[in-house]
Asker: 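Just passing along the structure, written as structure tokens.
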Amino acid sequence: MIKVNIQKKFSSRDQKTIELKFECEIPLHQSNSLFGPSGAGKTTFLKMLTGLVKPDLGSIVADGQVWFDSEKNINLPIVSRSIGYLFQESSLFPNMNVRENLEFAFQKGKEDKNFLQRLMTTAEIDNLLNHKVEGLSGGQKQRVALVRSLIQKPKFLFLDEPFSSLDQRIRSQLVSLVESLQKQYQMTAILISHEIPEVIKLTKKVYMISNGEIVSSGDPIDCFRQKHHDLLEGEVIGRTSKDEVAIWYPNPFVVLKRNEKDPILKINEFCLTQIKIKNKGD
Ligand SMILES: Nc1ncnc2c1ncn2[C@@H]1O[C@H](COP(=O)(O)OP(=O)(O)OP(=O)(O)O)[C@@H](O)[C@H]1O
């Protein structure tokens, strides 16, 4: 488990105070996700777990290791948390080329060249190695940053909208890559995504976040079946059966099914920003 009980306050220019409070236990060795509207607090939550933003109060204990404890004055540096991470504002070094940025993530003497080649081929960045990062497109930077986050086969993988600037073809290639690496190396992953199919396909547990707190959590299909009008930014008009959720936006109609072996039998790769969930038979 990653046991989290943290608080953070921001005072903005217009004097409005934003309060974030997160309490949860995130399972290890599986993919989890954070879902909610813009400004809900997802990125800040993930940055506090990563160590990029310091909580005001509370504690984070990951697999028995104390990452943060305000009472005991513990705040483990990022490098000691074994995390591969990607955030929306690229943390790549703009003046270095792609190769140098990737080398930066390697621990000296521990390079796994075959693994790196697999990542670079799937992300289609092998031909960019000598390019300066500042000259790359948003999608190219995102692919380099994703490869960099995976290079170390990290124990924890925290990704903030990692596929948002990618076209559909490469997006599905990289969704599959992250899915297979998470399983192969038993990583504990936390993904922020606005894409419901991605959340359902990639993650076992979703945390629904609204106004700086977790309002519900659980199996993604179960959570999306519930009526979270504000979270889904769309009209939710019903429930489906236990094993099926039907979504359309605006069409065609998409049916996501699951069975015991493979949680999702069929999923299509539409980007959904607004959805309607309808009762079977409606
Ligand atoms: N450094 C900061 N100073 C002041 N306010 C901040 C700071 N960082 C975040 N906030 C505020 O905290 C709230 C949560 O922001 P956060 O970026 O975590 O939301 P989010 O759910 O990730 O949104 P999005 O989906 O748009 O990325 C917002 O109101 C934001 O303006």
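Residues take their numbers from the sequence shown, with the count starting at 1. Start at 1 and go down the list; that is how both ligands and their atoms are numbered. This one's a predicted model, so the numbers in the text were calculated from it and none came from an experiment.
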Asker: Is Asn5 reaching over with its side chain to a backbone N or O of Cys24, donor-acceptor style, under 3.5 angstrom?
Answerer: no
Asker: Testing Asn75, Val61, Leu76, Leu57 one by one against Phe68 for a side chain to side chain contact (heavy atoms under 4.5 Å, CB included), which residue passes?
Answerer: Asn75
Asker: How far is atom 26 (O) of ligand 1 from its nearest protein heavy atom, and which residue and atom name does that atom have?
Answerer: Ser38 OG, 2.5 Å
Asker: Before signing off on this row, confirm whether Ala40 and ligand 1 have an N or O atom pair separated by under 3.5 Å.
Answerer: yes
Asker: Just to be sure I'm reading this right: ignoring hydrogens, which of Ser193, Gly39, Ser210, Pro37 gets closest to atom 14 (C) of ligand 1? Compare them by their nearest heavy atoms.
Answerer: Gly39
Asker: Students should be able to answer this: which protein heavy-atom is nearest to atom 3 (N) of ligand 1, and at what distance?
Answerer: Phe10 CD2, 3.5 Å
Asker: What atoms of ligand 1 come closer than 4.0 angstrom to any heavy atom of Thr44?
Answerer: 9 (C), 15 (O), 16 (P), 18 (O)
Asker: Quick one: nearest non-hydrogen protein atom to atom 25 (O) of ligand 1, plus distance?
Answerer: Lys42 NZ, 2.9 Å
Asker: Heavy atom to atom 30 (C) of ligand 1, shortest distance: which of Asn211, Val53, Ile18 holds it?
Answerer: Ile18
Asker: When the ring planes of Phe22 and Phe45 are compared, do they come out parallel, tilted or perpendicular, using 30° and 60° as the limits?
Answerer: parallel
Asker: Rounded to the nearest 0.5 Å, what separation is found between the OG atom of Ser59 and the CD1 atom of Ile74?
Answerer: 9.5 Å
Asker: Ignoring hydrogens, just give me the one of Gly41, Ser164, Ser11, Gly212 whose non-hydrogen atom is nearest atom 19 (O) of ligand 1.
Answerer: Gly41
Asker: Please identify which of these residues, Ser33, Ser217, Ser216, meets the side chain to side chain contact (heavy atoms under 4.5 Å, CB included) condition with Met208.
Answerer: Ser216
Asker: Please check: side-chain N/O of Lys8 versus main-chain N/O of Lys54, any donor-acceptor pairing under 3.5 Å?
Answerer: yes
Asker: So if I count the atoms of ligand 1 from 1 in the order they appear, which ones are less than 4.0 Å from some heavy atom of Thr43?
Answerer: 17 (O), 18 (O), 20 (P), 22 (O), 27 (O)
Asker: Is the number of heavy atoms from other residues, nucleotides or ligands under 6.0 Å of Asp167 CG greater than 12?
Answerer: yes
Asker: For His194, state whether at least one heavy atom is located under 4.0 Å from any atom of ligand 1.
Answerer: yes
